[in-house]
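This report concerns only the one structure given below.
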Amino acid sequence: MSEEKYEPVIGLEVHCELKTATKLWCACPNEFGGEPNTHICPICLGLPGTLPVLNRNAVEYAMWIGAALNCEIKPSKFHRKNYFYPDMPKDFQISQYDEPINVQGYLDLPTGIRIRIERAHIEEDTGKSSHLGKSGRIHASYGALVDYNRAGVPLVEIVSAPDIRSSEQAKDYVSELRAVLVATGATDGRMEEGSLRVDANVSVRKGPNAPFGTRCEIKNVNSLRSLVRAIEYEIKRQIEILEDGGRIVQQTRHFNEDTLSTVALRSKEEAQDYRYFPEPDLPPVSPLDTWINKVKQELPPLPSQRRAKVKETFGTAEDSQIITLVEQDLDGLFLDVVSRGADCEIALRRLLNEAASQIEAAKKLDAQDFAELIGMEKSGKLSATQCKAVLANMLEGGGSPMQIAASLGFEGMNSNELEEVITQIINDNPDAFERFKAGDEKVSQFFVGQVMKATKGKANGKAVIEFLEAKKS
Ligand code: ADP
Ligand code: MG
Ligand code: ZN
């Protein structure tokens, strides 16, 4: 089969829950989880006679997202999108249709590729239904439960142009988008809790100049790994159909985590199926220029800017390291520690290898303490292993690295003590030292061994070799 001659075309729709205190139209708490149907009221249940009142903070968050994605922020309107589904208590979803708040932006990926954003609009989330039975899906279930806690939670849906050309690029896009969204403070971006959800539109075509093929939309992929797998599977499935002389039917499909395949859910609705019409209970939203400008000015530094700053400080760090550092939100600590004189390379290594596995604790590290610790490793007062042990303790409870090192018995030796010991051993073994001077590397291990014996293991091997080297001349 000739996968080579086909080019995948992918556009992503990302739903992101906003971190407002209350829901989009009512004062119910906007909190993940909770006993089913405890964060509800007549408004978010869509009971007759109730009126929605737009949450100002949700609009502001949506504007932050628009500004961060280089969109034009515009006067906008709400529409009703009509469809029947039990998790939509009103039988329609209030969304934005042809006049969304943010249009025509873009996101630059760390690889340098630019993905255009068609729109980023405000809408309400639905409730959650669970199907009873083995599969957990509606098919073959014997009953359904519905929880409306999520109904009416504010969402922004970010729709990319069909500019993505591979599953890897789709992953890069979602990672970067997630980082940007989290940096704005508009969302926590937790895919596993469903506060960030991705639908992938996938088609294939014969080469970069051919017209776009018919797309299928894969719903609710809930991790980056699943996203890559779902897209890969879908590309293959479509190519096989085309190679067999078939044609692709536009469909909504579901990715099955167990079989790693996509299955058809329903034939794709057209806009006309939703009978969109303007929401009569809500006025248009036209943010004033002063408000838009304030949002743009207050926008915190975005991941790309933060990465550039780290690169400026430590030019030889690898891009992947810098991406992770910023992703883990540890770049602030890194820059702080380095500005206190800590060695860039060691600080980065300890942050990425040790601290990153305990992010929350790492963010609370005192920069001065951390800088001191890095200094102790750099000077050889602590070996790398000892440094890691001290850091583990710092992450657990904090405290000064000096005290922790002492309590762990890593007092190390100061340079003067060490030099005395080494000088003594050199004097006792003149022949060996001659061989070392002549370039016999193996003898250095002999000296390290002797020093360790004399100091009961307190000395740092690296420091011993440095002293020996220094004594050569
Ligand atoms: P819908 O509401 O039908 O899902 P949207 O306009 O909201 O339509 O979203 C369409 C998404 O599909 C966009 O992300 C767009 O980039 C993508 N898309 C459009 N045409 C294609 C295509 N031929 N192949 C892949 N993706 C496509
Ligand atoms: Mg869609
Ligand atoms: Zn409510």
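All ligand and atom numbering here is 1-based and tracks the order in the structure.
- For atom 16 (O) of ligand 1, the nearest non-hydrogen atom from the set Pro211, Cys216, Ala200, Ser160 belongs to Ser160.
- Judged by distance alone, the side chain of Gln321 and the main-chain N or O of Glu318 form a donor-acceptor pair under 3.5 Å.
- At least one N or O atom of Glu13, backbone or side chain, sits closer than 3.5 Å to an N or O atom of ligand 1.
- Look at His39 and the Zn ion (ligand 3): no N/O/S atom of the residue is under 2.8 Å from the metal.
- A salt bridge links Lys363 to Asp329: one of the charged nitrogens lies within less than 4.0 Å of a carboxylate oxygen.
- Remark: Arg306 does not engage Glu327 in a salt bridge, criterion side-chain N to carboxylate O under 4.0 Å.
- Remark: Glu35 CD is loosely packed, at most 12 non-hydrogen atoms of other residues, nucleotides or ligands lying under 6.0 Å away.
- Lys81 forms no cation-pi arrangement with Tyr276, by the criterion of a distance under 6.0 Å to the ring centre and an angle within 45° of the ring axis.
- Within ligand 1, counting atoms from 1 as listed, the ones closer than 4.0 Å to a heavy atom of Val159 are 9 (O), 13 (C), 14 (O).
- Residue Val202 places no N or O, backbone or side chain, under 3.5 Å from any N or O of ligand 1.
- Each of the atoms 16 (O) of ligand 1 lies under 4.0 Å from some heavy atom of Ala161.
- Under the 4.0 Å criterion applied to side-chain N and carboxylate O atoms, Glu124 and Lys90 are assigned as salt-bridge partners.
- Ranked by closest heavy atom to atom 17 (C) of ligand 1, the top entry among Asn201, Val9, Ile10 is Asn201.
- Near Gly213, the atoms of ligand 1 lying under 4.0 angstrom from a non-hydrogen atom of the residue are 23 (N).
- Between the SG atom of Cys26 and the SG atom of Cys44, the angle taken at the Zn ion (ligand 3) works out to 110° after rounding to 10°.
- Taking each of Arg116, Arg215, Arg119, Glu217 in turn, the one with a heavy atom nearest to atom 8 (O) of ligand 1 proves to be Arg215.
- The cationic group of Arg116 does not satisfy the cation-pi geometry with Tyr106, failing either the under 6.0 Å distance to the six-membered ring centre or the 45° limit from the ring axis.
- Other residues, nucleotides and ligands contribute over 12 non-hydrogen atoms within 6.0 Å of the CD atom of Gln305.
- With a 4.0 Å cut-off on non-hydrogen atoms, Thr214 does not touch ligand 1 at all.
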